[in-house]
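The block underneath contains the structure these notes are about, expressed in structure tokens.
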Amino acid sequence: MELVQEADYRFRIDPHGAMRVPGVVFASRALLPDAEKSLEQVANVATLPGIVGASYAMPDIHWGYGFPIGGVAATDVDEGGVVSPGGVGFDISCGVRLLAADTDRHSFRSALSAVMDGLDRAIPRGAGPGGVWHLTGPGQLERILRGGSRYAVEEGHGEERDLRRCEDGGAVADADVGEVSVRARQRGLGQVGSLGSANHFLEVQYVDEVHDERAAAAFGLALGQVCVMIHCGSRGLGHQICTDHVKAMDRAMSRYDITVPDRQLACTPVDSPEGRAYLGAMAAAANYGRANRQLLSDAARGVFRGAAGARLSLVYDVSHNLAKIETHTVAGARRTLCVHRKGATRAFPPGHPDLPDDLREAGQPVLIPGTMGTASYVLTGVPGGDAFHSTCHGAGRLLSRHQAARTVTGRDLRARLESEGIAVRPRSLRGLAEETPEAYKDVGEVVAASEGAGLCRRVARLVPLGVVKG
DNA sequence: ATGTCC
């Protein structure tokens, strides 16, 4: 795959074969080792009907199902543009929530161990069932799928203010519960309020560097402040919805005369029965993921209150795996686009009308979970930019789970983290080893490349005090 | 990511 360098941190893949638009990759050469497979996926996405602008890739690009992880693709809804479940991924609405404590790391130090033990008991995690909420019946699951974080807050698991600090006010309105299969519901029933496994985590962190004082103040962050970061998604429910709708679209595609270079790019027009069905089910999973993060926040708040006498205020909650219908100006014209972000985070600039009043001047908080034991970042959107107000989502994997687990034992990794002063509460030592920092790109380099490409600006760097993992 | 293959 030939990459033409256009600027620092910006490469172009010229259209060839069935590509309708170019590929644009925001990265440095150093961030693209062995990227051939994922760059081919960038080119494949550029063949989708109705794609607008370019098939974009963020600096944390790596190989994924059909679309690369770290990919952004927008299609024009009024021009036959398609929606593809592979452009969202299996973990629909996977995302990050950051809460800021009313304490700094020095005052907090003596409480850390008790807080970690409390979180160890309070946070359900790992593969399979288990969640903080035990549903009273199927009607309650439907209310979660329609109401997301808003429903959890209505039930007493949070504050009204939380909802103003959530993307979409904590729930999207267009969930179609009828498009969520019985099997997806069954899988979702017992996992409401759970972390899951792999790179999902809950971390106790503190603000280690502030890069932008004004934005940090607007977000409620200050140097030394203790924070809680929660990274999780829609568990088995979202996974099953992706499986169901990929299958349905794979069968339906030929009726729309759509051919794709890879079956994993199965898609139909946004404005088709199959497209609307997927988007309705995806919205339900989006709400499930948000309720999930709201309930885990509530559990963490209880632990912080009891073990440290500390309060947690929501900084923001944003997904990095979603397709959204958004209005963007393209070549001077307002167009209705279906923006797929898969391992890419929405990053609204200052002044965007969808931001709450108290964030309008600073821009949207963008939450970047780092690799376990390293740093995480808070960024903000910037004016102009490219890729439909999107930026990176994390470090990006380099080694497979199997390769990672061969480099270190879970026991040794835990000892290493503890010796660095990071408390670790793993559910499984094997799972811990699979997440060793060596398996990932350097999140600092990913963030620097994203900023260098003009996609976002750094606000703060966070480092871990304690890790809760599946 | 995921009842890591219905």
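In what follows, every heavy atom counts, from backbone to side chain, and hydrogens, waters and symmetry copies are set aside. Note that this is a predicted model, so its numbers are computed, not measured. Letters go in sequence order (proteins before strands), and every chain restarts at 1.
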Test: A:Glu438 and A:Arg416 ion pair at under 4.0 Å
yes
Do you know which of A:Met116, A:Glu203, A:His200 makes side chain to side chain contact (heavy atoms under 4.5 Å, CB included) with A:Val468?
A:Met116
Atom-to-atom span, CD of A:Glu435 to C1' of B:dT4 - whole angstrom:
14 Å
Could you say whether A:Ala127 or A:Cys94 is positioned toward the 5' end of DNA chain B, judged by the nucleotide with the nearest heavy atom to each?
A:Cys94
Give a yes/no answer on whether the side chain of A:Arg235 brings an N or O atom under 4.0 Å of OP1 or OP2 in B:dG3.
yes
Round to a whole Å and report the spacing from CZ of A:Arg187 to C1' of B:dT2.
6 Å
Measuring centre to centre across the rings, with the benzene-like ring taken for any Trp, is A:His231 within less than 6.0 Å of A:His393?
no
In whole angstrom, what separates A:Arg427's CZ from B:dT2's P?
13 Å
Which residue in the set A:Val459, A:Ile368, A:Leu455, A:Leu367 passes side chain to side chain contact (heavy atoms under 4.5 Å, CB included) when paired with A:Leu379?
A:Ile368
So what does A:Gly236 hit on the nucleic acid, given a heavy-atom distance under 4.0 Å: a base, only sugar-phosphate, or nothing?
sugar-phosphate
Under 4.0 Å, counting only non-hydrogen atoms across every strand here, what does A:Arg401 touch: a base, just sugar-phosphate, or nothing?
sugar-phosphate
In this structure, how many angstroms lie between the P atom of B:dT2 and the CG atom of A:Leu195, rounded?
10 Å
In whole angstroms, the gap separating P of B:dT2 from CD1 of A:Ile69 amounts to 13 Å
With a 4.0 Å cut-off on heavy atoms, is A:Arg183 in touch with a base, just the backbone sugar-phosphate, or nothing at all?
base
Do A:Glu435 and A:Tyr440 have a side chain donor and acceptor closer than 3.5 Å?
yes
Atom CD of A:Gln240 and atom P of B:dC5 are separated, to the nearest Å, by 14 Å
Closer than 4.0 Å, any side-chain N/O of A:Ser197 to the OP1 or OP2 of B:dT4?
no
Output the rounded distance in Å from CD (A:Gln186) to C1' (B:dT2).
16 Å
Could you tell me the separation between the CG atom of A:Asn292 and the P atom of B:dT2, rounded to a whole number of Å?
10 Å
What's A:Gln191 touching, base or sugar-phosphate or nothing? Going by heavy atoms closer than 4.0 Å.
sugar-phosphate
